[in-house]
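Side chains included, hydrogens not; waters and symmetry mates left out as well; all remaining heavy atoms used. First listed ligand is number 1; within each ligand, the first listed atom is number 1.
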Amino acid sequence: MIRLFNTHQIRKIEELEGMWDFAPAAALGEPPEAFPYKLPVPGCWELHPQFGTYRGTGVYRKRIKLTEKTHLRLVFKGISHTAQVYFDGLLVARHYNAYTAFDAVIPDVEPGEHELLVYSDNAFSEASALHVPNDYYTYGGIIRPVVLEEIGDLYIENVMFTPHREQGSWQGQWKVIIRNIGQVTKKADVQGRLAGSNLPLGSCVVGPGERGELIVTLPYPDVQEWSLEQPNLYELRAVLTVDESDCDDWIDRIGFREITTCNGKLLLNGRELVLKGVNRHEDHALAGAAFPLQLMAKDLELIVDLGCNAVRTSHYPYDERFLDMCDERGIAVWEENHARGLSLEQMMNPNFAWQSEQVTREMVEQHFNHPSILIWAVLNECASDTKEGRVHYEKQLTLIKELDSSRPRSFASHHRDRELCFDLADIVSFNLYPGWYTDEDPGELADQARAWADALGGRGKPMILSEFGADGFYGFRSPNREKGSEERQADILRSNLEAYIRRDYISGMFIWQFSDCRVTEGLGWLLSRSCTRNSKGLVDEYRRPKLAYETVREVLREN
Ligand code: ADA
């Protein structure tokens, strides 16, 4: 399943789901002699007994049959982490990063059978600046859906809709991008359907190989706003007409809501909002990073059951189906680009700047319409305490503002009073672990953090505790409540939550973390975690609840 709703009525699309041929490969672009395995797509190769710890290159093969000549667009929602795509022996796309989509457009494909080879590489090297050995696991393979689309010479490449309230009445800005892959200049007319109105969005002339853009703002006076309590969604449809024929369309869902910051508060539709949520990795013992809908839905049900109203997509952009569910359920999302704990030296990797900017751009452009996404964030716990690191924070936060000025931006910092970038963000966010990595009192530490923020460029900005938590090994129960026991984890989370809920300058709190996750095996304290897991989950990697689950549920539901 690609999304929770149909994304096209005119464009023909098909999910290429199923068992694909698979073989480990020597390197990207080097086909093996045979394909001895069959692996599910989407899926992680770690789920196959032969490849449980495989790190390297693999190649998937799929044969595609076409009955008519057409232009093809292949959309890959996520390949982990470096991809090369060959169609009938020709390289048609390359992409870096597991967590954003990319496409391959192949014009004039003849009827008959065609061969698609998709290489995926999850190895760590200088070439990969963001996927590095870390406190989560970089799985291998085609981890998100693949879609085959048939398109004409002109097609809609994206639609980005920004709701806005003007003197109490809703309006929305449409931005439609049209691409011409044909040989002839054409005039494109676009019609926009939304909330019972069907209005022309304008027309543009697009030359061969070019893109055209339409931007128009229209009034929607009778719509119901989207809120966490009443997540009203609307279907939006753009229809492209060329030479008097409706030749393509684009369907998405949007919500009318505004998220702003004012006097240290976060406001949703002008009303104060306090986010109470969890950090979640897309990782499950039975699925790796390739979540089937059922397991995603279960995670969301557990998050709702806990009494949370928010999720932080630590530490990368999510599968859109989870975001679709958050849109429907009224769960707020802090979505962040891909990075965790990169040192200055790692940020100095020559590939860091482009790889990090690319994932930021793709995240915003691809997830723009989700009303549940209330905050964009960058670079969790990287070198924001250095001048050189600040350059990247500034570039990425500016890029987000250019792409989307309608949402506040943040980053999660662990640098305390050494932080140098609070002035660049709209919300100041701290990762602090009182009771676990330090024996500080959570309330006193939060007060101190507010003072650091005020002194370091964050005065007047809302503050979020973006991470706090403790290890709790599933099944380790102890009357002594030692560190690592389920009892101690529950105690630490209770004291943190109770302290933050009471402080009215705190606009959000995100428990680290929803579920245990696999981490990279290696040396040093970070990569030598027991059981090769980060065990700070409220549930374990199979979603079995620990004692802390009930404690958190009780505290959040009471408040
Ligand atoms: C961090 C980090 C998380 C995780 C956590 C921990 O602050 O952002 O990814 O590693 O600490 O468990 O220590």
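Heavy-atom separations between Arg529 and ligand 1 include at least one value shorter than 4.0 Å.
Within ligand 1, counting atoms from 1 as listed, the ones closer than 4.0 Å to a heavy atom of Lys536 are 6 (C), 12 (O), 13 (O). Contact atoms of ligand 1 toward His315: 3 (C), 8 (O), 9 (O) (distance under 4.0 Å to a heavy atom of the residue). Counting atoms of ligand 1 from 1 in the listed order, those under 4.0 Å from a heavy atom of Asp135 are 4 (C), 6 (C), 10 (O), 12 (O). When each atom of ligand 1 is checked for a heavy atom of Asn431 under 4.0 Å away, the hits are 7 (O), 8 (O).
Of all the heavy atoms of Asn380, the ones lying under 4.0 Å from any atom of ligand 1 belong exclusively to the side chain. At a heavy-atom cutoff of 4.0 Å, ligand 1 is contacted by no atom of Leu526, backbone or side chain.
Nearest to atom 13 (O) of ligand 1 by heavy atom, out of Trp512, Tyr433, Tyr437, is Tyr437.
No hydrogens or angles considered: a donor-acceptor pair under 3.5 Å links the side chains of Asn279 and Arg312.
Within the cation-pi definition used here (under 6.0 Å to the ring centroid, within 45° of the axis), Arg280 qualifies as a partner of Phe291. Because its NZ or CZ atom is not both nearer than 6.0 Å to the ring centre of Tyr474 and within 45° of the ring axis, Arg533 does not count as a cation-pi partner of that residue.
Using bins of under 30°, 30° to 60° and over 60° for the plane-to-plane angle, the ring pair Phe102/His95 lands in the parallel bin. Aromatic ring orientation, Phe411 versus Tyr393: perpendicular (interplanar angle above 60°, classes split at 30° and 60°).
The closest protein non-hydrogen atom to atom 7 (O) of ligand 1 is Glu381 OE2, 2.3 Å. At the top of the distance list for atom 1 (C) of ligand 1, counting protein heavy atoms only, stands Glu467 OE1, 3.0 Å.
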